[in-house]
Number of protein chains: 2
Amino acid sequence: MLGEFEYLVLSTAASLGDDAYGAAIREEMEEVSDRTCSIGALYTTIDRLEKKGLLKTWMGGATAQRGGRARRMVRITPAGVREAKAFYEAVTRASRRVPWAIEAEEGRP
Amino acid sequence: MLGEFEYLVLSTAASLGDDAYGAAIREEMEEVSDRTCSIGALYTTIDRLEKKGLLKTWMGGATAQRGGRARRMVRITPAGVREAKAFYEAVTRASRRVPWAIEAEEGRP
DNA sequence: GCATTAGGTCTACTTTGTAGATCTAATAGC
DNA sequence: GCTATTAGATCTACAAAGTAGACCTAATGC
């Protein structure tokens with residue numbers, strides 16, 4: 001099964017779609033989760049997810065801005081979607097009878 | 001932050017309320033998650049959660065049935081609820097823009 | 001009193017999580 | 001064209017969480 005951080009990386013990459021690359025994922029993760037995400041943690045996890053076939057990455061071209069180096073583009077694979085979905089459902093199912101999730105459910109518009 | 005398995009244990013214990021003890025948690029987890037949960041994995045995790053103050057455990061009395069040994073009763077602490085909630089929200093927030101969660105959202109009655 | 005059963009303890013190893021120092025190649029400005 | 005500055009990525013090392021399963025223990029049934 002996926003780890004929690006792995007899930008965050010996977011789902012953030014999926015959310016960003018075509019704009020997903022290392023640094024952008026990191027920024028987005030920090031915004032959404034409200035906590036810092038170290039560079040090392042991120043790329044180590046990307047490497048592992050790629051090795052497992054849940055993510056594919058390739059070097060993109062440089063962008064025309066100061067310091068605009070080549071980006072390591074990232075995309076979730078079908079296998080990645082499957083795993084992420086399984087993780088999400090596992091958490092959701094386990095949360096069915098639990099107050100913090102029920103609250104959230106009731107509070108939903 | 002919590003790990004995924006830790007979350008499952010915590011939320012299952014919370015769901016079972018007063019009936020939460022080692023073996024029952026294990027059974028419930030297997031049922032809900034549709035995969036086996038080894039004894040070792042469970043108790044190791046319970047120990048760690050207790051050490052972190054997210055769970056408290058104590059030995060209950062023996063039950064009047066064949067082999068009915070003393071049970072290790074388990075209860076989630078307020079700190080445990082806080083952590084579990086934080087985990088749940090982190091996963092939920094990260095999943096907002098992601099197809100597998102949106103599907104689930106739309107499918108909800 | 002011995003087989004059987006519910007339930008728990010212990011040990012060891014693999015995977016994930018996490019930080020941060022360092023390296024690289026691009027533009028800006030002179 | 002040289003140098004400072006910047007976006008972005010790689011590498012190393014260690015801590016924490018995940019996982020299995022052999023083994024121990026104290027009940028009841030007969």
Side-chain angles (χ1 to χ4, degrees), chain A residues 1-10 12-13 16 19-30 33 35-52 54-55 57-74 83-84 86-87 90-91 94, chain B residues 1-10 12 16 19-30 33 35-52 54-55 57-74 83-84 87 90-91 94:
Chain A
M1 168 90 32
L2 283 179
E4 190 239 351
F5 192 74
E6 290 182 314
Y7 178 77
L8 295 183
V9 171
L10 225 43
T12 305
L16 289 175
D19 303 323
Y21 67 96
I25 292 176
R26 184 176 173 221
E27 225 177 296
E28 176 78 3
M29 280 181 65
E30 296 202 326
S33 70
R35 59 182 179 131
T36 63
C37 157
S38 80
I39 311 178
L42 178 64
Y43 286 103
T44 305
T45 300
I46 288 181
D47 287 347
R48 288 173 187 164
L49 289 172
E50 183 164 31
K51 199 166 296 173
K52 290 199 261 182
L54 307 183
L55 221 50
T57 77
W58 66 96
M59 294 312 284
T63 47
Q65 53 184 297
R66 191 190 246 250
R69 286 205 45 207
R71 296 168 166 174
R72 184 167 173 193
M73 307 304 292
V74 172
E83 284 290 301
F87 180 98
V91 170
Chain B
M1 168 91 30
L2 282 179
E4 191 239 351
F5 192 74
E6 290 182 314
Y7 178 77
L8 296 182
V9 171
L10 226 42
T12 304
L16 290 174
D19 302 323
Y21 66 96
I25 292 176
R26 183 174 174 222
E27 223 176 298
E28 175 77 4
M29 281 182 64
E30 295 202 327
S33 70
R35 57 182 180 130
T36 62
C37 159
S38 79
I39 312 178
L42 178 64
Y43 286 102
T44 305
T45 300
I46 288 180
D47 286 346
R48 288 174 186 163
L49 289 172
E50 183 164 31
K51 199 166 298 174
K52 292 199 260 183
L54 307 183
L55 220 52
T57 78
W58 66 97
M59 296 310 285
T63 47
Q65 52 184 298
R66 191 191 245 249
R69 285 206 46 210
R71 295 168 167 175
R72 184 167 172 194
M73 307 305 291
V74 172
E83 284 290 302
F87 180 98
V91 170

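The sequence lines fix the lettering, A, B, ..., with proteins before strands; numbering per chain opens at 1.
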Can you classify the ring geometry of A:Phe87 versus B:Phe87 as parallel (below 30°), tilted (30 to 60°) or perpendicular (above 60°)? tilted
Full working for salt bridge (Lys or Arg N to Asp or Glu O under 4.0 Å) between A:Lys52 and A:Glu83: CA-CA 11 Å; A:Lys52 290 199 261 182; A:Glu83 284 290 301; over 6 Å; no
Under 4.0 Å, counting only non-hydrogen atoms across every strand here, what does [X] touch: a base, just sugar-phosphate, or nothing?
| X | result |
| --- | --- |
| A:Gly40 | base |
| A:Thr44 | base |
| A:Lys51 | nothing |
| B:Phe5 | sugar-phosphate |

Figure out the [atom1]/[atom2] separation between [X] and [N], and round it to whole Å.
| X | N | atom1 | atom2 | result |
| --- | --- | --- | --- | --- |
| A:Arg72 | D:dC11 | CZ | P | 10 Å |
| B:Glu6 | D:dA16 | CD | P | 12 Å |
| A:Tyr43 | D:dA7 | OH | C1' | 9 Å |
| B:Ile39 | D:dG18 | CD1 | P | 18 Å |

Which angle, rounded to 10°, do you find between the first-five-pair axis and the last-five-pair axis of the helix from C:dG1-D:dC30 to C:dC30-D:dG1? 20°
Taking atom types as they are modelled, would you say the side chain of B:Arg48 forms a donor-acceptor pair with the base of D:dG18 within the 3.5 Å cutoff? yes
Distance (rounded to the nearest 0.5 Å) between B:Thr63 OG1 and B:Arg71 CZ: 4.5 Å
I'd like to know if the side chain of A:Glu28 pairs up with that of A:Thr12 as donor and acceptor (distance under 3.5 Å, no hydrogens or angles considered). no
Side-chain polar contacts of residues 35-46 of chain B - donor-acceptor pairs under 3.5 angstrom, sequence neighbours left out - could you list them?
from, atom 1, to, atom 2, distance (Å)
B:Ser38, OG, B:Ala41, N, 3.1
B:Thr44, OG1, B:Gly40, O, 2.6
B:Thr45, OG1, B:Ala41, O, 2.8

Check the phosphate of D:dG8 against A:Arg71, side-chain N and O only, distance under 4.0 Å to OP1 or OP2. Yes or no? yes
Taking 5' to 3' order, which nucleotide of DNA chain C is first and which is last to have an atom within less than 4.0 Å of a heavy atom in chain B? C:dT4 to C:dT11
